[in-house]
Amino acid sequence: MTDTCFKEIRLTGINASPGICIGKAYLFDIEGVDVVKKYFISEDDVQNEIKRFKIAVNKAKGQLLTIINNAPEGLRDHSYILETHKVLLKDKMLYGRTIEIIKNEKVNAEWALKKVVSEVKSMFKKMSDSYLKERATDIVYVSDHIMRNLVGAETKKIADIDKRVILVANDLSPAEASQIHLELIKGFVTDRGGKASHTSIIARTLEIPAVMGLGNVTNIIKNDDLIIIDGTVGTVIVYPTEETLLEYEERSTKYEELKAAITRGSHLRAETVDGFQIKIMGNIELPEEVVSVINYGGDGIGLYRTEFQYLSRPGLPNEYELFDKYKDVIEVIAPKPVTIRTLDINGDKAFNNNSDYVEVNPALGLRAIRYCLKNPDIFKTQLRAILRAAAFGNVRILIPMISSYEEVIETKKILNEVADSLSKEGTLFNRDVELGIMIEVPSAAIIADILSEEVDFFSLGTNDLIQYSLAIDRGNRDVAHLYHSLHPAIIRMIKQVAGVARDKGIKLFMCGEMASDPINLPVLLGLGIDELSMNPQSIPAVKSMIRALKVEDAKAFMKDVLKQNTASEVEELIKATYGSILFEKVYARRKAFGDRA
Ligand code: PEP
Ligand code: MG
């Protein structure tokens with residue numbers, strides 16, 4: 001029953017994991033260790049203090065191990081998140097630096113650790129990338145474990161909750177979220193956190209609704225308050241009226257029905273009414289997202305962005321670490337293909353190691369293949385890891401930001417050198433991998449005929465192709481209204497590349513966001529793209545739309561599309577011609593599922 005003394009309150013946060021749940025709130029409040037005393041130690045006590053710190057670290061390692069071993073079945077594939085936390089415990093930036101401060105400043109371990117955490121926080125704060133910012137929170141979670149052990153603070157456990165509730169917390173670490181048992185915890189809301197956090201990844205994996213980043217929800221909701229979470233749009237309703245409750249019960253049932261229908265449909269082939277098949281692949285950034293690609297019915301990985309393994313850390317990853325990550329993804333999805341894109345560093349994803357080096361115009365700077373060719377050792381390490389991992393499944397290599405013929409030739413030379421050295425060493429590897437290039441710089445689109453002689457496939461990176469062709473910074477809100485996938489210049493450019501691919505007999509893929517919006521599909525089908533790759537959540541809607549189209553109609557439709565003068569005219573034409581299919585296949589579903597469904 002609702003509480004009639006209180007007025008309904010609606011709060012908006014970040015839609016971290018979709019779905020609706022209704023239930024009683026359970027305030028799970030782990031207080032951070034905020035007050036840390038500083039005291040100085042004598043030279044003689046330094047070794048003892050370091051030992052005390054090491055014991056606290058080892059204890060934290062044991063605690064994480066227990067959580068990993070007791071994690072619910074569905075989270076086993078994600079135990080690497082906590083494994084990463086285990087590795088972070090001994091990270092140079094955290095472990096090494098704390099010991100250094102104890103030694104150099106002769107202070108207690110708690111104070112040294114606190115200082116390191118604030119250094120890490122301010123270092124990550126300067127970064128614009130939300131993924132990287134979230135990685136700083138991983139370090140904070142890990143240090144929190146150590147700090148609790150140092151000060152002997154009590155640890156509350158989610159695993160101890162014995163009633164069916166919705167968790168309300170200031171923050172939840174991945175370690176805490178991993179203790180969630182689905183039969184008891186319906187969903188969660190937090191004051192802090194964001195969509196790129198590992199905690200939200202865990203929520204999406206468990207498929208429980210979550211709204212994060214609400215600010216001060218822990219001050220508004222009390223234990224046992226009846227609340228509703230709509231994780232699809234990021235709404236939390238406290239003290240719902242009878243009317244609201246009925247509305248959300250209905251929505252929740254509808255959501256579950258649609259979810260079941262989508263899952264059923266998403267595993268069907270993407271085949272047009274007239275029998276043309278197109279592969280619908282998933283883009284991933286983190287290895288664990290491969291599970292989403294499979295769940296949403298992807299035909300493989302069309303883009304594995306590998307830079308994130310380089311960004312979230314102080315040093316460079318070695319060949320073995322990279323090999324392990326690639327092998328995991330390749331094996332999980334085999335025999336379906338995995339398109340591994342080589343390092344697309346810099347631009348909007350600046351390299352940590354180079355923090356002193358600031359480019360005036362990074363989007364036009366030492367980015368991607370340019371960086372790799374200038375740093376052949378880094379490039380070779382990655383290529384070795386890819387070729388070795390390729391022995392375990394179906395791999396393609398994709399080179400980003402190619403703008404000239406020479407870059408392709410130089411890349412191939414390095415790839416051959418790497419293969420030769422692996423062969424000489426007698427290491428297990430596979431040289432027989434397809435090599436492709438991103439078409440994302442206008443010069444590459446224009447000389448596609450020249451480049452096609454050297455590669456097996458092209459992949460259209462429309463995010464950058466639009467940025468560079470229309471001179472619109474993809475991250476700048478002020479010019480976002482000018483950023484149009486259906487701009488006649490973009491359509492003509494893709495048409496020219498598609499013509500080359502067809503004449504030269506090489507495959508043409510698209511892995512930019514343009515591929516994920518169903519409104520673009522009549523044009524993409526009409527232009528003859530062989531494979532589309534997108535964020536996994538978009539796969540079901542795109543597949544469903546493809547199954548309602550005819551490729552022959554789409555080809556004929558292109559004649560009219562090419563007569564339009566502006567992006568809006570193209571969009572209007574698509575709506576006028578395909579509006580009813582779009583509405584049935586996409587918009588009605590989006591209303592229930594939120595933007596990305
Ligand atoms: C693109 O540019 O379209 C692309 C897929 O690559 P990224 O978004 O990683 O630059
Ligand atoms: Mg790009």
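Each ligand, and each atom within it, is numbered from 1 in the order the structure gives. Computed from a predicted model, the values in this text were never measured in an experiment.
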Residue-ligand contact Gln467/ligand 1, heavy atom below 4.0 Å: no
Proximal ligand 1 atoms for Arg474, defined as those under 4.0 Å from one of its heavy atoms: 2 (O), 7 (P), 8 (O), 10 (O)
Atoms in ligand 1 flagged as close to Gly461, the criterion being non-hydrogen separation under 4.0 Å: 1 (C), 2 (O), 3 (O)
Side chain, backbone, both or neither: Leu460 near ligand 1, heavy atoms under 4.0 Å: neither
Row check, Phe457 ring normal vs Arg396 NZ/CZ: under 6.0 Å, within 45°: yes
Interfacing atoms of ligand 1 (cut-off 4.0 Å, heavy-atom, Leu303): 5 (C)
Heavy-atom gap Met514 to ligand 1 smaller than 4.0 Å: no
Note, Ile386 side chain near Ile397 side chain (heavy atom, < 4.5 Å): yes
Per-atom contacts of ligand 1 with Gly512, taking only distances under 4.0 Å to non-hydrogen atoms: 3 (O), 5 (C)
Heavy-atom check, side chain of Thr577 versus side chain of Asp553, under 4.5 Å: no
Glu440 N/O/S atom closer than 2.8 Å to the Mg ion (ligand 2): yes
Phe323 six-ring centre to Arg388 NZ/CZ under 6.0 Å and within 45° of normal: yes
Polar atom proximity, Arg341 to ligand 1 (N or O, under 3.5 Å): yes
Heavy atom of Met438, distance to ligand 1 below 4.0 Å: yes
Residue pair Asn346 / Arg370, side-chain donor-acceptor N/O under 3.5 Å: no
Aromatic ring pairing Tyr304/Tyr326, orientation class (parallel under 30°, perpendicular over 60°, tilted between): perpendicular
Distance filter under 4.0 Å to Arg367 heavy atoms, resulting ligand 1 atoms: 10 (O)
Per-atom contacts, ligand 1 versus Arg305 - under 4.0 Å to a heavy atom: 4 (C), 5 (C), 6 (O), 7 (P), 8 (O), 9 (O)
Gap separating the CG atom of Leu525 from the CE atom of Met558, nearest 0.5 angstrom: 10.5 Å
Contact with ligand 1 for Glu285, non-hydrogen, under 4.0 angstrom: no
Tyr578 ring center near Phe557 ring center (under 6.0 Å): yes
Distance filter under 4.0 Å to Glu440 heavy atoms, resulting ligand 1 atoms: 1 (C), 2 (O)
4.5 Å side-chain heavy-atom contact, Arg474 and Ile466: no
Interfacing atoms of ligand 1 (cut-off 4.0 Å, heavy-atom, Cys511): 5 (C)
Minimum-distance atom from the Mg ion (ligand 2) among N, O or S atoms of Asp464: OD2
Any donor-acceptor N or O pair under 3.5 Å, side chains Tyr405, Glu453: no
